[in-house]
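Each chain gets a letter, A, B and so on, in the order the sequences are listed, and its residues count up from 1. Note: hydrogens, waters and symmetry copies are ignored here, and every other heavy atom, side chains too, is used.
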Amino acid sequence: MSNIRAIRGMNDILPGDTPYWQHLERSVSGVLASYGYAEIRLPVVEQTELFKRSIGEVTDIVEKEMYTFDDRNGESLTLRPEGTAGCVRAAIQQGLLGVPQRLWYAGPMFRYERPQKGRQRQFHQIGAEAFGVATPDMDAELILLTARLWARLGIADSVELQLNSIGNLAARQAYRAALVTYLEQHEQALDEDSQRRLHSNPLRILDSKNPDTQALLDSAPDLADYLDDESRDDFVRLRELLDAAGVSYVINPRLVRGLDYYNKTVFEWVTDRLGAQGTVCAGGRYDGLVQQLGGKSTPGVGFAMGMERLVLLLQETGALSAVDANLDAYVVSVGSDAQRAALAQVEQLRSGMPGLNMLQHTGGGSFKSQLKKADKSAARVALIWGEDEVAAGTVTLKPLRESDGERQAQQTVPVEQLQAVLTAVLASDTQ
RNA sequence: GUGGCCGUAGCUCAUCUGGUAGAGCACCGGAUUGUGACUCCGGAGGUGGCGGGUUCAAGACCCGUCGGCCACCCCA
């Protein structure tokens, strides 16, 4: 086909879906604000180096999923594959890190992956980052915040919190060595992907979906046994706080997360209702990242949630019933005199009742066809200007919907009474 | 990057073993001269993703390509 089409994996979000998006975005920003988080708006493009240094050179994201290109001056740029790196960069550059800082951001992210359910090349995240607090009460706050969000969205029953601690760098290195030593003894039993990861990114083998590999891991060394004291204590404290707040979770000792900058707490909210891409929100602590990117050593914790997946979940669970057009009135006018009168008087009505949603019929057409459009529009009332009305200085209000099994009769009133009568008609109709 | 399934009107799909495309919904018009929904009648709309091959003949078979879906990988 020679027609220009959207880039693979970069989807249009259509009018039928945007009500879900708007509802979701409003809910998230509302909850974030209620916990004192401030929005920060960040560029979509950053220096390629930023992502290499934060996410990790040997991760799949950096190795093969980034949209990278040379700017006209030869500098290598990349469409952001995730939000934390840019947020940290901005916090350092703009000097936001002197005091504890709670930030959130929203927007598109880009990863060159094969699209499937719940995954596309341009996708949208809302993320939150808290800087400057090393204690696990900060981790708890972020988790509580997300839990509140699920409740507000009506999907709390569809998601489960998985928690783990991956310790500090030294602990992870010690564990990594032990794990590799163990797995090398069983290298032949590993699936192909895990064999490849054995030396590049062995921790990732822990969450392999291969059942044989999982069986092998049952007798592998436990990450929990290698944790440093501080990580262990903080993890205990975090669990206490969550227990006290009544947030339930499951410990998943094989949850490791894919990005290199995490340490200590990692968590994921997962659902079993979206097929293979069940992670709907994920995050963790990254105490070394700020320093790693050139800032003064500052602890951080954060999470990001996938908007597409949450919208799917809202639709899947029916947590949000399809929102209809919510149109109050459809304006019908036949003939050029009537249209002139209608246009002017509807403008006055809009000034008097700014909250009204009114659709003005455009493009002409017969009386009948205009009323058909009025019906299709799902508007509650048709406002009719015809020859008779214009001549008499009146307008006809015709209720289009039934309420309580009855429909009000239409009435023709002087235009001066339009606002008052329309208000009464809409009010008496229970919607 | 790998694998499976799929690609016919705006949408959902049909066309039995190859013989030059159809339904439902949606859309437009009509059935009262100014009144929608229900009903009836009529109408418009498809180079069957694209390219090539086999055949007298292909939407149906074969190859390629592009695209979609789902899964692997990876991740939000």
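Among the nucleotides rG36(B), rC72(B), rA76(B), the one closest to the side chain of D193(A) is rC72(B). Distance from the side chain of K64(A) is smallest to rC73(B) among rG3(B), rG67(B), rC73(B). Residue K398(A) places its side chain closer to rG36(B) than to any other of rC73(B), rG36(B), rG3(B). If you check rG36(B), rG34(B), rA76(B) against the side chain of D388(A), the one that comes closest is rG34(B). Among the nucleotides rA37(B), rG34(B), rC73(B), the one closest to the side chain of E387(A) is rG34(B). For R8(A), the listed nucleotide lying nearest its side chain is rG68(B); candidates were rG68(B), rG67(B), rA76(B). In the set rA76(B), rG34(B), rC73(B), the nucleotide with an atom closest to the side chain of Q125(A) is rA76(B). Distances were taken from every side-chain heavy atom of T396(A) (C-beta onward) to each of rG34(B), rC72(B), rA76(B); the shortest belongs to rG34(B). Each of rA71(B), rG36(B), rA76(B) was ranked by its minimum atom distance to the side chain of K117(A); first place goes to rA71(B). Ranking rG34(B), rA37(B), rA76(B) by closeness to the Q120(A) side chain, first place goes to rA76(B).
In this model, a donor atom of one side chain and an acceptor atom of the other lie less than 3.5 Å apart for T412(A) and T396(A). For T279(A) and E268(A), the side-chain atoms include at least one donor-acceptor pair closer than 3.5 Å. Inspection of the Q120(A) and Q122(A) side chains reveals no N or O donor paired with an N or O acceptor under 3.5 Å. Side-chain atoms of W269(A) and T146(A) form a donor-acceptor pair, as typed in the model, at a separation below 3.5 Å. No side-chain donor-acceptor contact under 3.5 Å links E308(A) and N11(A). Using modelled atom types, one finds a donor on one side chain and an acceptor on the other under 3.5 Å when comparing Y35(A) with R148(A).
Look at the P atom in both rU47(B) and rU2(B): the space between them is 33 Å, to the nearest Å. The gap from the C1' atom of rG52(B) to that of rC66(B) amounts to 14 Å, rounded to the nearest Å. For rU65(B) and rC28(B), the C1' atoms lie 38 Å apart once the distance is rounded to whole Å. Only the P atoms considered, rU12(B) is 32 Å distant from rA76(B), to the nearest whole Å. Across the P atoms, rA26(B) and rU33(B) are found 24 Å apart, a figure rounded to whole Å. Separating the C1' atom of rA9(B) from that of rA23(B) is a span of 11 Å, rounded to the nearest Å. Rounded to the nearest Å, the gap between the P atom of rG64(B) and that of rC70(B) is 24 Å. Spacing between rG7(B) and rA60(B) at atom C1', rounded to whole Å, works out to 14 Å.
Two residues, Y262(A) and I7(A), neighbour RNA chain B, and the one matched to the more 5' nucleotide by heavy-atom proximity is I7(A). Place G9(A) and R309(A) on RNA chain B by their nearest nucleotides, and G9(A) ends up nearer the 5' end.
The shortest side-chain heavy-atom distance between L203(A) and L223(A) does not fall under the 4.5 Å cut-off. In this structure, the side chains of E129(A) and Y286(A) come closer than 4.5 Å at one or more pairs of heavy atoms.
The CG-C1' distance, from L79(A) to rA76(B), rounds to 17 Å in whole Å. rA76(B) atom P lies 7 Å from atom CD of E268(A), rounded to whole Å. Here the C1' atom of nucleotide rG34(B) and the CZ atom of F367(A) are 4 Å apart, to the nearest Å. Atom pair E113(A):CD and rG1(B):P shows a separation of 13 Å (rounding to whole Å applied). Atom NE2 in H361(A) sits about 14 Å away from atom C1' in rG34(B), given to the nearest Å. Distance CD (Q122(A)) to P (rA76(B)): 17 Å, rounded to an integer number of Å. Rounding to whole angstrom units, CZ of residue R121(A) and P of rC69(B) are separated by 11 Å. Rounding to whole angstrom units, CG of residue L400(A) and C1' of rC38(B) are separated by 16 Å.
In this structure, E389(A) reaches the bases: a heavy-atom distance under 4.0 Å links it to at least one base atom across the strands shown. Nucleic acid contact for V334(A): none, since no nucleic acid atom lies under 4.0 Å from a heavy atom of the residue. The residue A282(A) sits close only to the backbone: its heavy atoms come under 4.0 Å of sugar-phosphate atoms, none of a base. Using a 4.0 Å heavy-atom criterion, one finds that G275(A) contacts the sugar-phosphate atoms exclusively. Note on L259(A): only backbone sugar-phosphate atoms sit closer than 4.0 angstrom, heavy atoms only; bases stay farther off. Residue contacts for Q410(A): at a heavy-atom cut-off of 4.0 Å it reaches a base atom on one of the strands shown. Across all strands shown, Q277(A) has heavy atoms under 4.0 Å from base atoms, whether or not it also approaches the sugar-phosphate.
Annotated stems with RNA chain B as a participant read B:1-7 with B:66-72, B:10-13 with B:22-25, B:27-31 with B:39-43, B:49-53 with B:61-65, given as range with range, by first number; only runs of 3 or more Watson-Crick or G-U pairs under 3.5 Å qualify.
You'll find a donor-acceptor pair under 3.5 Å spanning the side chain of R407(A) and the base of rA37(B), going by distance alone. One cannot find a donor-acceptor pair under 3.5 Å joining the base of rU35(B) and the side-chain atoms of Q370(A). Applying the 3.5 Å distance criterion, the base of rA76(B) shares a donor-acceptor pair with the side chain of R111(A).
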Identify all pairs in which a protein N or O lies below 3.5 Å from an N or O of nucleotides 25-32 of chain B, and state each distance.
{"residue": "rC27(B)", "atom": "OP1", "partner": "K376(A)", "partner atom": "NZ", "Å": "2.9"}
{"residue": "rC27(B)", "atom": "OP2", "partner": "K376(A)", "partner atom": "NZ", "Å": "3.3"}

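Regarding contacts with the backbone of rC70(B), every side-chain N or O of Q116(A) stays at 4.0 angstrom or more from both OP1 and OP2. Close to rA76(B), at under 4.0 Å from its OP1 or OP2, lies no side-chain N or O of R119(A).
A cation-pi arrangement is present between R121(A) and Y112(A) under the rule of less than 6.0 angstrom and at most 45 degrees off the ring axis.
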From CA spacing to verdict: side chain to side chain donor-acceptor pair (under 3.5 Å), N168(A), S231(A): CA-CA 7 Å; N168(A) 65 21; S231(A) 293; 5.2 Å; no

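Partners of E113(A) according to the salt bridge (charged side-chain N to carboxylate O under 4.0 Å, His left out) rule, which considers only residues two or more places apart in sequence or in another chain, are R119(A).
Here the straight-line distance linking atom CG of N210(A) with atom CG of D193(A) works out to 8.5 Å at 0.5 Å rounding. Annotation: the span from T298(A) atom OG1 to F131(A) atom CZ amounts to 8.5 Å, rounded to 0.5 Å.
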